[in-house]
> 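The structure follows.
As the structure is a prediction and not an experimental result, all values here were calculated from the model.
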Amino acid sequence: MNYLQLLEHSEKERNTALLSLDMNQIKVYCIKFGLFISDNDDAFFRKHS
């Protein structure tokens, strides 16, 4: 798999997780890529203005 294919795959994976609006699927994605996850579920989905 070349770099472009890897990038496209990771973008698809990100979009699938985020657009699912499924908290567990999003958290799995975040853990897989080492992203910060709030322990507070309200803060997890809170809209930032």
Side-chain angles (χ1 to χ4, degrees):
M1 183 179 289
N2 66 31
Y3 178 75
L4 184 56
Q5 290 172 323
L6 182 61
L7 183 60
E8 288 173 349
H9 178 72
S10 63
E11 286 178 357
K12 182 178 178 184
E13 205 171 342
R14 177 201 63 204
N15 292 343
T16 300
L18 294 176
L19 294 175
S20 73
L21 299 178
D22 176 34
M23 186 169 43
N24 290 329
Q25 189 172 351
I26 294 169
K27 286 183 176 184
V28 167
Y29 171 82
C30 291
I31 291 168
K32 180 177 180 178
F33 288 95
L35 303 173
F36 172 77
I37 304 172
S38 174
D39 290 336
N40 182 332
D41 289 345
D42 291 335
F44 190 81
F45 283 110
R46 185 172 296 147
K47 179 182 176 183
H48 298 291
S49 44

> In this structure, would Leu18 and Val28 fall into the same cluster of hydrophobic residues linked by side-chain contacts under 4.5 Å?
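Leu18 and Val28: separate clusters.
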
> Which pairs, with at least one residue in residues 29-38 and sequence neighbours excluded, count as a salt bridge (Lys or Arg N to Asp or Glu O under 4.0 Å)?
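The answer is Glu13-Lys32.
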
> OG1/Thr16 to CD/Glu11 distance, rounded to the nearest 0.5 angstrom?
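The CD atom of Glu11 is 11.5 Å from OG1 of Thr16, to the nearest 0.5 Å.
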
> Considering residues at least two apart in sequence or located in another chain, which fulfil the side chain to side chain contact (heavy atoms under 4.5 Å, CB included) criterion with Ile37?
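Here the qualifying residues are Lys27, Cys30, Ile31, Phe44.
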
> Compare every heavy atom of Ala17 with every heavy atom of Tyr29, then report the nearest pair and how far apart it is.
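In this case the closest contact between Tyr29 and Ala17 is CB-CB, 3.8 Å.
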
> Quick one, Gln5 with Asn2, criterion side-chain contact (heavy atoms from CB on, under 4.5 Å). Give me CA distance, side-chain angles, the key distance, then yes/no.
CA-CA 5 Å; Gln5 290 172 323; Asn2 66 31; 3.3 Å; yes

